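As structure tokens, the structure follows; a few thoughts come after it.
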Amino acid sequence: MQEIILLVDMFQKHADPEKAIPMENYMKNHFPFLGIKTPERNQILKEFFQETEIIKKPFSHEFVNGLWSLKEREYHYAALAYCQQFKKGFTDEDLPFFEKLITTNSWWDTADIIAPHIIGDIAGKFPAVISKNIDKWATDENRWLRRSAILFQLKYKSNTDADLLYHYCLLNADSKEFFVQKAIGWALREYSKTNSESVRSFIQSHSLPKLSLREARKYI
């Protein structure tokens, strides 16, 4: 579609192969990069949104899928920046679409945008998706779905369902997967800012990975 062609052209004009090297290294060389750092990318996207007025039009799955099919990581970030412009309008019917994004071109950087910022918003408005979908994610073979289940309440603060959070943590307490252990610690650490006594009691009463505990205790 025309908007994708335009955005590719705008990004290509700002590509910097030298900057791309450390960016690729930071992501363990899972994805090629154009070499456009976040502040510059955000400015390009701002200009792109203004020029095309694409965010004033109905949400386009075609646009997101088109960007997601490109190999450079900046296009995936752009797709998610576009999605976040529409997150107030997403419903439970959109969950499978975002599940697909979590499980393709997967790494922590995209999962950690989708889970707390988009899935969390959908689940807040349509809590039935928790038992219907997210409960299954918590024990899925895909590590990014498990991480997303643990992190989807990350921004909930006092609205956090602590029992659910702890349940997901315990379901994954035996995981040897670094990114799952890290997610447990991060989610507990974040919730400890709201209810430190609850988190302290939980980690004292259960066996969790050392990495998770180290992360969880940072503010306790």
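The figures that follow rest on heavy atoms only: side chains count, while hydrogens, waters and symmetry mates do not. Because the structure is a prediction, the values reported are computed rather than measured.
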Are [X] and [Y] joined in one hydrophobic group, where the rule is that I, L, V, M, F, W and Y side chains link up if heavy atoms are under 4.5 Å apart?
X: Phe31; Y: Tyr26; answer: yes
X: Phe11; Y: Ile21; answer: no
X: Val64; Y: Met1; answer: yes
X: Leu213; Y: Phe178; answer: yes

Whether over 12 other heavy atoms sit under 6.0 Å from [X] [atom1]:
X: Gln2; atom1: CD; value: no
X: Lys100; atom1: NZ; value: no
X: Lys57; atom1: NZ; value: yes
X: Lys136; atom1: NZ; value: no
X: Asp9; atom1: CG; value: yes

Inset, instruction - Describe, in one word, how the ring planes of Phe63 and Tyr82 are oriented to each other, choosing from parallel (under 30°), tilted (30 to 60°) and perpendicular (over 60°). - result: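 Perpendicular, since the angle between the ring planes exceeds 60°.
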
Legend entry - ring pair (Phe, Tyr, Trp, His ring centres under 6.0 Å) partners of residues 181-220, not counting sequence neighbours, each pair once: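 For residues 181-220: Tyr166-Phe202, Phe202-His206.
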
How about [X] and [Y]: do any of their side-chain heavy atoms sit closer than 4.5 Å?
X: Leu67; Y: Glu3; answer: no
X: Leu6; Y: Glu51; answer: yes
X: Tyr156; Y: Thr194; answer: no
X: Ser148; Y: Phe98; answer: no
X: Leu34; Y: His14; answer: no
X: Leu101; Y: Thr110; answer: no

Shortest non-hydrogen separation from [X] to [Y] and the atoms involved:
X: Gln181; Y: Ser212; answer: O-OG, 2.7 Å
X: Ala173; Y: Ser207; answer: CB-O, 3.7 Å
X: Asn172; Y: Ala138; answer: ND2-O, 3.0 Å
X: Ala115; Y: Leu151; answer: CB-CB, 4.4 Å
X: His117; Y: Lys87; answer: O-CD, 3.2 Å
X: Ile122; Y: Thr91; answer: CG2-O, 3.7 Å

Inset, instruction - Identify, with sequence neighbours excluded, every residue that meets side-chain contact (heavy atoms from CB on, under 4.5 Å) alongside Asn29. - result: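 Checked Asn29 against side-chain contact (heavy atoms from CB on, under 4.5 Å); matches are Glu24, Asn25.
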
Spacing of [atom1] belonging to [X] relative to [atom2] belonging to [Y], to within rounding of 0.5 Å:
X: Phe48; Y: Ile55; atom1: CZ; atom2: CD1; answer: 10.0 Å
X: Arg73; Y: Asn105; atom1: CZ; atom2: CG; answer: 6.0 Å
X: Asp92; Y: Lys132; atom1: CG; atom2: NZ; answer: 6.5 Å
X: Leu188; Y: Ile203; atom1: CG; atom2: CD1; answer: 7.5 Å
X: Phe126; Y: Glu93; atom1: CZ; atom2: CD; answer: 8.5 Å
X: Asp135; Y: His167; atom1: CG; atom2: NE2; answer: 6.0 Å

Inset, instruction - Decide side chain to side chain contact (heavy atoms under 4.5 Å, CB included) for Trp108 and Lys182; before the verdict, give the C-alpha distance in whole Å, the side-chain angles of both, and the deciding distance to 0.1 Å. - result: CA-CA 11 Å; Trp108 64 263; Lys182 193 81 169 180; over 6 Å; no

Looking only at atom types and distance, does a side-chain atom of [X] sit under 3.5 Å from a main-chain N or O of [Y], one as donor and one as acceptor?
X: Lys88; Y: Asp121; result: no
X: Gln153; Y: Asp161; result: yes
X: Gln84; Y: Ile118; result: no
X: Ser131; Y: Ala128; result: yes

Inset, instruction - Examine the side chains of Arg200 and Ser192 and answer whether a donor and an acceptor come within less than 3.5 Å of each other. - result: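 There is no such pair between these side chains.
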
Legend entry - Trace of the side chain to side chain contact (heavy atoms under 4.5 Å, CB included) decision for Ser69 with Tyr75: CA-CA 9 Å; Ser69 70; Tyr75 295 120; over 6 Å; no

Inset, instruction - Indicate, with yes or no, if the rings of Trp144 and Trp137 have centres closer together than 6.0 Å. - result: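 No, the ring centres sit 6.0 Å or more apart.
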
Legend entry - Pair Phe97 and Phe90, ring centroids less than 6.0 Å apart: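 No, the ring of Phe97 stays outside the 6.0 Å limit from the ring of Phe90, centre to centre.
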
Legend entry - Audit row: Leu7, Ile4, side chain to side chain contact (heavy atoms under 4.5 Å, CB included) steps and yes/no: CA-CA 5 Å; Leu7 184 59; Ile4 294 177; 5.9 Å; no

Inset, instruction - Check each of Asp109, Asp112, Asp140 against Arg147 using the salt bridge (Lys or Arg N to Asp or Glu O under 4.0 Å) test, and report the only one that passes. - result: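 The passing option is Asp112.
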
Inset, instruction - Kindly indicate whether a cation-pi arrangement holds for Arg143 with Phe179, taking the cut-offs as under 6.0 Å to the six-membered ring centre and within 45° of the axis. - result: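 Judged by the rule, Arg143 and Phe179 form no cation-pi pair.
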
